[in-house]
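Notes for the one structure printed next.
Letters A, B, ... are given to chains in the order of the sequence lines, protein chains preceding strands, and every chain is numbered from 1.
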There are 2 protein chains.
Amino acid sequence: MPETPATSRRATHVTAAMVAARAGTSVATVSLVVNDKTKGRVSDENIERVRQAITDLNYIVDHAASSLARGTSNIILLVTPDVSNPFFGRVISGIQAEIGDRYQLLLSTTGEGQIPTAASVNQLTALRPAGLLIDAPNDAFLRDLPRETAVVLLDAPGDEDQAATVNFDLKSGVHDLVEHLHELGHRQIAYIAGRTGTETFLLRRRLLEESAAARGMVIHSADNSDSLINLDRAAEAFTTSWPEWHARGVTAVVCATDTHAYGALQAAINLGLRVPEDVAITGFDNLPYSTITSPPLTTVSLPGKELGRVSAQQLLAQIEGREVDLHPVLPARLIRRASTLGLSAN
Amino acid sequence: MPETPATSRRATHVTAAMVAARAGTSVATVSLVVNDKTKGRVSDENIERVRQAITDLNYIVDHAASSLARGTSNIILLVTPDVSNPFFGRVISGIQAEIGDRYQLLLSTTGEGQIPTAASVNQLTALRPAGLLIDAPNDAFLRDLPRETAVVLLDAPGDEDQAATVNFDLKSGVHDLVEHLHELGHRQIAYIAGRTGTETFLLRRRLLEESAAARGMVIHSADNSDSLINLDRAAEAFTTSWPEWHARGVTAVVCATDTHAYGALQAAINLGLRVPEDVAITGFDNLPYSTITSPPLTTVSLPGKELGRVSAQQLLAQIEGREVDLHPVLPARLIRRASTLGLSAN
DNA sequence: TTAATCAGTACAACGCAAGAC
DNA sequence: TGTCTTGCGTTGTACTGATTA
């Protein structure tokens, strides 16, 4: 009869064996109880004894051992290009709200401006995550994706054939934006983005060009191959490009995110420009700060928390084998504020 | 001679055994190579053979198995009250930059306004994290901390006896702030915070009161027991409290974070108040948006990325048994902007 | 001869889950 | 009902031989 192997090495760490010893059952029974597989396997009395022992000893199933035995973990991996953008804070909130504590959210940031390598993707698979949430991926990353794992792509327009996606209705958002600018009399429009290669930013530009062309408007681009969503960089880009834009008659600057727009706003003001009289500025995201900038920012609202929430639902459905719409699209609404309004049509 | 057990169940998943088979060595040798413990144990030739096999097969050490065998994982857990505040984005960036890819950063959010329970703490320990980074903890949480794990508390003034900490020099920051307000003629000051029970917010208030008392100034508090760092809630708090504050002669509102200050700013403007002529407003953090609000925000700058970076260094030092200063303090500098300046001293 | 270093392997954990019994 | 047993994939310890100081 082996004694309880309690103080084998460290006095700490409660194992199923200790629980079993205390409850007077086998380890297998403990496992059945903690995993709710008691139906027809464990008597009510034993269930109760085990439960009691678990609370008495404060037992928690070891994550590593459980993952190893099962071949998969309860970790959900969120891969984002840049957590410092508050937009991702919203996304994360949405995910957390949805997954509760059954799964654990692990963050993996590809790092400032780094394109994720196959190696780093592999690092992630070593965790045997229950699922992968990948925000604003580029093509290189998608190629290396493990096919065995549940995957949802967030804000990855054009990748609908690769995996489940949750996208924004950018087309309609951009359409409204361009129409709005057109009505205000703008004909020459500049576009500031970062992170060349991120599909969603490229799409925003393509849609802009299409929508603009349909109305005889022209899009000019900032020549910044930035990889960050960064206020200061956007400000630099604006400052550098403005002389040329101005010479070409640009009167409105569309930015790929609100954060870029804040930078543009700052730069414009530093250059002594009046917004929107001299230049109108718009963004995407509708961060909370966009109501208190001077002037408040016209922007295409992208529901970040909703993105996180729906993506998580999507992923859980995959993991649990439920059927769902694989490509939901979230609305993108134009929010008109003073950074474009107030310009007299010319 | 056993064949390579390649297609045992799923054709996927490369194991050390496969690598060993291909390299013509034992599994143990493979382990030694991947863990860089070859010194005097593995010949250069075998190291090379194993390395080759690893790249050929694209082998990655399984996280669960490794963690189980070692009794600890390579996960670093960040516990934050609210990821949606962009301040945490900075902190996360700093941490990521420091830990590289040797460790994986796992996020655990205690949820909107939830005080973390002992149960949730235990959930975390099931992961056997290499270390814990805990931001702005409250006392209840600290009581349940596992003592065996490496822990660093971030922005946890007053908890220096509990664990390693990385704090801001709030005292000096608040001192400068109060002096600044005093010079501008303010005597009655209101304070808006969220998250009652978070030590750092309480301390900001205490320091404010001490500093103010020394100059014959008075602090009034908003009666909001909010638990969120949330622009809208702060706006509500301002709107609700302003009539009374105004009646008592309050001319300046100090907010516990910039995000709160944005809300106050918005509310003040909605009430038709001029900032800073009718009411001065200040924050803490110095988020990038504070330069482009209207007016730009006077704030106590708290270096968030630095906080993350230093905390991670601190944690790695603990994990690796190195000696370091256990309680570094990061500077908190007052940034004077238009939300307080421009008020004529009365 | 006795240590000590080097090279490499066998094997028992690690703690849990699931199928056989 | 419930337990036994095996396996998940790694890691570290103990061990074997051989060579060198």
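Against DNA chain D, the stretch residues 52-63 of chain B makes heavy-atom approaches under 4.0 Å through B:Tyr59, B:Ile60, B:Val61, B:Asp62. A heavy-atom distance below 4.0 Å to DNA chain C is reached by these residues of residues 31-43 of chain B, ordered by number: B:Gly40, B:Arg41, B:Val42, B:Ser43.
Although no hydrogens or angles enter the test, the distance criterion places no donor-acceptor pair under 3.5 Å between the side chain of A:Asn46 and the main chain of A:Val42. Between the side chain of B:Glu160 and the main chain of B:Leu326, no donor-acceptor pair closer than 3.5 Å is present. B:Gln314 places no side-chain N or O within 3.5 Å of a backbone atom of B:Val166 that could act as its donor or acceptor partner. For the pair B:Ser311 (side chain) and B:Leu307 (backbone), a donor-acceptor distance under 3.5 Å is present. Judged by distance alone, the side chain of B:Arg49 and the main-chain N or O of B:Ala23 form a donor-acceptor pair under 3.5 Å. A donor-acceptor pair is defined here as one N or O able to donate and one able to accept, closer than 3.5 Å; such a pair exists between the side chain of B:Thr55 and the backbone of B:Arg51. The backbone N or O of A:Phe87 lies less than 3.5 Å from a partner atom in the side chain of A:Asn85, making a donor-acceptor pair.
Distance, B:Leu68 CG to C:dC14 P: 9 Å, rounded to whole Å. Rounding to whole angstrom units, CG of residue B:Leu127 and C1' of C:dG15 are separated by 15 Å. When the P atom of C:dA7 is taken as reference, atom CG of B:Asp44 falls 8 Å away, rounded to whole Å. Regarding A:Asn46, its CG atom lies at a distance of 9 Å from the C1' atom of D:dT1, rounded to whole Å.
Between D:dT3 and A:Ser26, a contact under 4.0 Å exists linking OP1 or OP2 to a side-chain N or O. Between B:Thr25 and C:dG8 there is no side-chain polar atom (N or O) within less than 4.0 angstrom of OP1 or OP2. Checking the phosphate oxygens (OP1, OP2) of D:dG9, a side-chain nitrogen or oxygen of A:Arg128 falls inside 4.0 Å.
Paired with B:His327 under the rule side-chain hydrogen bond (donor to acceptor under 3.5 Å, both in side chains), one option of B:Asn167, B:Thr165, B:Asp159 passes, and it is B:Thr165.
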ask   = What do the steps show when you test B:Val79 against B:Leu133 for side chain to side chain contact (heavy atoms under 4.5 Å, CB included), and what is the final call?
value = CA-CA 6 Å; B:Val79 183; B:Leu133 295 170; over 6 Å; no

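A salt bridge is defined here as a Lys NZ or Arg NE, NH1 or NH2 lying under 4.0 Å from an Asp or Glu carboxylate O, and B:Lys305 with B:Glu98 fails to meet this definition.
In this structure, a donor-acceptor pair under 3.5 Å is absent between the side chains of B:Asp135 and B:Thr80.
One end of the helix from C:dT2-D:dA21 to C:dC21-D:dG2 points its axis 50° away from the other end's axis, with each axis taken from 5 pairs and the angle rounded to 10°.
With sequence neighbours excluded, no residue satisfies side-chain hydrogen bond (donor to acceptor under 3.5 Å, both in side chains) with A:Glu48.
Closest to the side chain of A:Arg70, out of D:dT11, D:dC8, C:dA18, is C:dA18. Looking at the side chain of B:Thr29, the nearest of the listed nucleotides C:dG15, C:dT9, D:dT10 is C:dT9.
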Quiz: residues 59-66 of chain A side-chain donor-acceptor pairs under 3.5 angstrom, not counting sequence neighbours:
residue : atom : partner  : partner atom : Å
A:Asp62 : OD1  : B:Arg128 : NE           : 2.8
A:Asp62 : OD1  : B:Arg128 : NH2          : 3.2
A:Asp62 : OD2  : A:Ala64  : N            : 3.1
A:Asp62 : OD2  : A:Ala65  : N            : 2.9
A:His63 : NE2  : A:Asn74  : OD1          : 2.7
A:Ser66 : OG   : A:Arg70  : NH2          : 3.3

Enumerate all atom pairs, one protein N or O and one N or O from nucleotides 16-21 of chain D, separated by less than 3.5 Å.
none

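Counting heavy atoms from C-beta on, the side chains of B:Val14 and B:Asn58 never come closer than 4.5 Å.
Within the nucleic acid shown, B:Ala28 comes within 4.0 Å of at least one base atom, counting heavy atoms only.
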